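Predicted model only: the values in this text are computed from it and were never measured.
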Amino acid sequence: MNTSVIQTFSTQTGYDFPAVLRWFAERVDRIILLFDAHKLEISDEFSEAIGALKGNEDKLRVVLNKADMVGTQQLMRVYGALMWSLGKVFGTPEVLRVYIGSFWSEPLLVSDNRKLFELEEEDLFADIQNLPRNAALRKLNDLVKRARLVRVHAHIISYLKQEMPSVFRKDNKKKNLIYQLPVIFSKIQLQHNISAGDFPDCAKMQEQLMVHDFTKFKTLKPNLMAALDELLSSDIAKLMPLLRQEELEAGEQLGVQGGAFLGNRAGPFSEGDPFTEENGEGCEEEEDWVVTKDKPKYDEIFYNLAPNEGKLSGNKAKDWMVSSRLPNSVLGRIWKLSDVDRDGMLDDEEFALASHLIEVKLEGHGLPPELPSRLIPPSKRRQKGSDA
């Protein structure tokens, strides 16, 4: 959810935007609120939109984006202001998880917090990738939430039914009960020891009750309520070991793939190489290498970095690549494309290719998902041909 589109969406489409958000919030697994660190604000429209998400706080995550546009001290102030503002909007003691970083492919303007951004990006990607593995637990939580709402709803409807007169002054009594609904909520809460968080929105229910005939409401059925209490107290607990077993069986399954994850289970980073290990495929040996004209320039940099036996180690290459200030998610893709032989090091041709791709990205162009034939170093084409 982006703060800049809410007002435009509401005014141009005519939709009830908070109602649309509530509909989606009930059906999605994760809700991400996106803020920019350099222009942090929560407008009235955005506050109303956030209010529509109440009851789904467990699905909420917050991204403080473009944090490289402010210094460390200012970033601390921005983070504190954001947490204070969110606390006022949600009005709950729970603290939302906030991810700080620069989640785009532009070079970092202030790279002082680069390591923090890397760790936060890894945590966010891991959270998203794990969503399929936790699907069963989320469904069980939704079941519990719905069961508790049903229990409260049954008590409310039964109370209204019992308070209605059998013959005279029904309309006046109905209006009085609707007006007294907040007091009725408190009575039911104390009488049945129900959490206040289980009750529906009072104003919304008052509005909906206006069109209903209270005399047609059903009275409470003890056997059904006992079955519902049994579900919440015992049956749900019996399902927990089964969920644990399912989590263990799904532990080796792939999470969310594609896009920023680039087919890597650990997101755009891994432990073995400075960024990751895979590469693109496919080449035609006869096609000219587009990096040739700039290779002398790249060779000078390569040999100044003191390669060992004609190759730069992953750490040396990484240190130089980071100087471009591109985010690690982008540099990870460049590494994947450049380490053609996947040995965790770069020779002079692979280094030239990496340098070329960095310049391409800094000029504002995109990166290919796989190396086209014109970018594969000549020696690697010959090597692939002999392997075939």
Side-chain angles (χ1 to χ4, degrees), residues 1 21-33 50-62 90-99 122-159 185 188-202 204-205 208 217-258 261 265-267:
M1 182 193 301
L21 287 180
R22 279 191 293 270
W23 188 91
F24 278 106
E26 293 172 355
R27 291 162 174 81
V28 301
D29 292 324
R30 181 67 72 235
I31 304 168
I32 297 179
L33 302 177
I50 294 177
L53 303 176
K54 287 186 177 179
N56 297 281
E57 286 81 2
D58 57 316
K59 300 179 181 180
L60 278 171
R61 300 291 184 271
V62 178
F90 283 102
T92 59
E94 294 83 7
V95 178
L96 296 177
R97 176 63 166 96
V98 178
Y99 297 94
E122 289 180 8
D123 287 349
L124 175 60
F125 285 175
D127 180 70
I128 296 174
Q129 281 193 300
N130 287 328
L131 287 175
R133 300 176 188 169
N134 300 324
L137 181 58
R138 287 192 303 276
K139 291 178 181 177
L140 183 59
N141 288 335
D142 288 340
L143 174 62
V144 172
K145 185 187 299 184
R146 289 177 180 273
R148 294 168 70 173
L149 287 173
V150 168
R151 181 177 61 179
V152 171
H153 187 77
H155 283 298
I156 295 172
I157 296 301
S158 177
Y159 184 93
F185 278 13
I188 295 174
Q189 179 184 350
L190 293 175
Q191 182 179 354
H192 300 284
N193 195 26
I194 299 175
S195 171
D198 291 345
F199 283 81
D201 180 84
C202 187
K204 185 176 180 181
M205 190 165 189
Q208 293 175 339
F217 287 167
K218 304 295 183 181
T219 56
L220 202 65
K221 296 183 179 180
N223 58 330
L224 294 181
M225 294 302 294
L228 186 59
D229 290 337
E230 179 70 15
L231 169 69
L232 291 171
S233 61
S234 301
D235 295 344
I236 296 297
K238 294 176 182 178
L239 291 175
M240 294 307 296
L242 299 178
L243 286 181
R244 178 58 181 166
Q245 182 62 33
E246 183 177 284
E247 289 178 4
L248 293 175
E249 293 174 354
E252 297 301 320
Q253 295 179 6
L254 295 176
V256 176
Q257 297 296 309
F261 305 106
R265 292 185 58 191

Legend entry - Neighbour count >12 (heavy atoms, 6.0 Å) for atom CZ, Arg27: yes
Inset, instruction - Spell out, as yes or no, whether a donor-acceptor pair under 3.5 Å connects the side chain of Asn56 to the backbone of Lys59. - result: no
Inset, instruction - Using a cut-off of 6.0 Å, state whether more than 12 heavy atoms not belonging to Asn223 lie near its atom CG. - result: yes
Inset, instruction - Verify the neighbour count for atom NE2 of His192: are there more than 12 heavy atoms of other residues, nucleotides or ligands below 6.0 Å? - result: yes
Inset, instruction - Please test Val144 against Arg148 for side-chain contact (heavy atoms from CB on, under 4.5 Å), starting from the C-alpha separation and ending with a verdict. - result: CA-CA 6 Å; Val144 172; Arg148 294 168 70 173; 3.8 Å; yes
Inset, instruction - Indicate yes or no: at least one non-hydrogen side-chain atom of Met205 is less than 4.5 angstrom from one of His153. - result: yes
Inset, instruction - Mind listing the closest non-hydrogen atom pair of Leu53 and Ala25 along with its distance? - result: CD2-CB, 3.8 Å
Legend entry - Euclidean distance, Leu96 CG relative to Ile31 CD1, rounded to 0.5 Å: 10.5 Å
Legend entry - Closest non-hydrogen atom pair, Gln189 against Ile194: CG-O, 2.9 Å
Legend entry - Heavy-atom pair with the smallest gap, counting every atom of Ala52 and Arg22: O-CG, 3.0 Å
Legend entry - Interatomic spacing from CD1 in Ile236 to CG in Leu143 - rounded to 0.5 Å: 4.5 Å
Legend entry - Separation of Asp58 CG from Asp29 CG (nearest 0.5 Å): 10.5 Å
Legend entry - salt bridge (charged side-chain N to carboxylate O under 4.0 Å, His left out) between Arg30 and Asp127, intermediate numbers included: CA-CA 9 Å; Arg30 181 67 72 235; Asp127 180 70; 2.9 Å; yes
Legend entry - Closest non-hydrogen atom pair, Ala147 against Leu228: O-CD2, 3.7 Å
Inset, instruction - Heavy atoms only: give me the nearest Pro200-Phe185 pair and the separation to one decimal. - result: O-CE2, 3.6 Å
Legend entry - Close side-chain approach of Ile157 and Lys218, heavy atoms under 4.5 Å: no
Inset, instruction - State plainly whether the residues Asp201 and Lys54 are in salt-bridge range, i.e. N to O under 4.0 Å. - result: no
Inset, instruction - Taking the side chain as every heavy atom from C-beta outward, state whether Ile32 and Tyr99 have any atom pair closer than 4.5 Å. - result: no
Legend entry - Beyond-backbone contact of Ile188 with Val152, side-chain heavy atoms, under 4.5 angstrom: no
Legend entry - Test item: Ser233 side-chain N/O and Asp229 main-chain N/O as donor-acceptor pair under 3.5 Å: yes
